[in-house]
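Following: one structure in structure tokens, then a few remarks.
Atoms within each ligand, like the ligands themselves, are counted from 1 in listed order.
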Amino acid sequence: MYFIANWKMFGSLNSLNSLHKVVNFFKSFKKKKLVKIIYCPPSTLIRPMSKKLKNTNIIVGAQNCHEHENYGAFTGSINSNMLKNVGAKYIIIGHSENRQFGETNKLINLKIKSALKSGLKVIFCIGETLKEKRKKNTKQVLNKQISLGLNKVKNKNKVIIAYEPVWSIGSGLIPKSNDLFDTINFIKTKIRNSKVLYGGSVNPKNIIELKSINNIDGFLIGGASQDPKKFIDIIKKTYN
Ligand code: 13P
């Protein structure tokens, strides 16, 4: 199971001091062979975090990139090669917080290709809005996001899907278990052999319900991942 921490636009150098709790927990965790932990901090923290997590089994990832894998005159942007160069092994692409500000399926597709070319593994986010859910358009939306996002992508085995319903992010709401099982299954029929994670308000309480949905391959965790105790609790409770 994957446990991916998405710190979003949170974190200073001081925030790295809390990582030792997770490192120590993971070192002695009996089921560690079953677990993959990936931290995706803001780009400013990738290098120092990678140094701190050297010789641990915890991996570092990035949260987004520019679509050009080469250098260029793109003020304020960072490409996938540059992220790889400072220690990222994975990258989140297509997060709804970026789609919301104009990131299209086409742009996401370019970013995915560029990230794979740079040798990063991709955590590809998809998910429907509340409006789309109410109109019963969830599957249609996901289908489109998947087919356009992964259009002509060759190394699909290096892409993990994260299903994050937009209405569940930061809201405390999670989908009904049956619905979630069904949606994850649907995604798995679209991209065979791919790992599919769930993200959206995952916390130490609702993990009990979420872990019982047996087709989920892990979790993409926002708010709760900033608190090492909550993050550790989520992992422990998944295996209780
Ligand atoms: P929350 O866990 O804070 O709802 O965020 C989920 C998310 O967006 C992870 O990418």
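- With S194 contributing its side chain and V159 its backbone, the two residues share a donor-acceptor pair below 3.5 Å.
- Under the 4.0 Å criterion applied to side-chain N and carboxylate O atoms, K139 and D182 are assigned as salt-bridge partners.
- Note: no N/O pair closer than 3.5 Å links G199 and ligand 1 by distance alone.
- A salt bridge does not link K133 to E128: none of the charged nitrogens lies less than 4.0 Å from a carboxylate oxygen.
- In I169, the parts holding a heavy atom less than 4.0 Å from any atom of ligand 1 are both the side chain and the backbone.
- Of all atoms in ligand 1, listed by their number and element, those nearer than 4.0 Å to a heavy atom of G170 are 1 (P), 4 (O).
- Near G223, with a cut-off below 4.0 Å to any heavy atom, the atoms of ligand 1 are 1 (P), 2 (O), 3 (O).
- Ranking protein heavy atoms by distance to atom 5 (O) of ligand 1, first place goes to K8 NZ, 3.1 Å.
- The distance from the CD1 atom of I46 to the NZ atom of K84 is 13.0 Å, given to the nearest 0.5 Å.
- By the 4.5 Å heavy-atom criterion applied to side chains, F124 and I160 are not counted as neighbours.
- The distance from ligand 1 to the heavy atoms of L220 drops below 4.0 Å at these ligand atoms: 9 (C), 10 (O).
- At under 3.5 Å, a nitrogen or oxygen of N6, whether backbone or side chain, sits near a nitrogen or oxygen of ligand 1.
- For the ligand labelled ligand 1, residue G200 lies inside the 4.0 Å heavy-atom shell.
- Evaluation of the side-chain hydrogen bond (donor to acceptor under 3.5 Å, both in side chains) rule for W7 yields no partner, not counting sequence neighbours.
- Residue contacts with ligand 1 do not include A224, since none of its heavy atoms lies under 4.0 Å from the ligand.
- Within the model, atoms CG of N185 and CD1 of I216 stand 11.0 Å from one another, a figure rounded to the nearest 0.5 Å.
- Close approach to S201 involves these atoms of ligand 1, each under 4.0 Å from a residue heavy atom: 1 (P), 2 (O), 4 (O).
- In terms of protein heavy atoms, atom 2 (O) of ligand 1 is closest to G222 N, 2.9 Å.
- When side chains are defined from C-beta on, F3 counts as touching T238, because their heavy atoms get closer than 4.5 Å.
- At under 3.5 Å, a nitrogen or oxygen of E164, whether backbone or side chain, sits near a nitrogen or oxygen of ligand 1.
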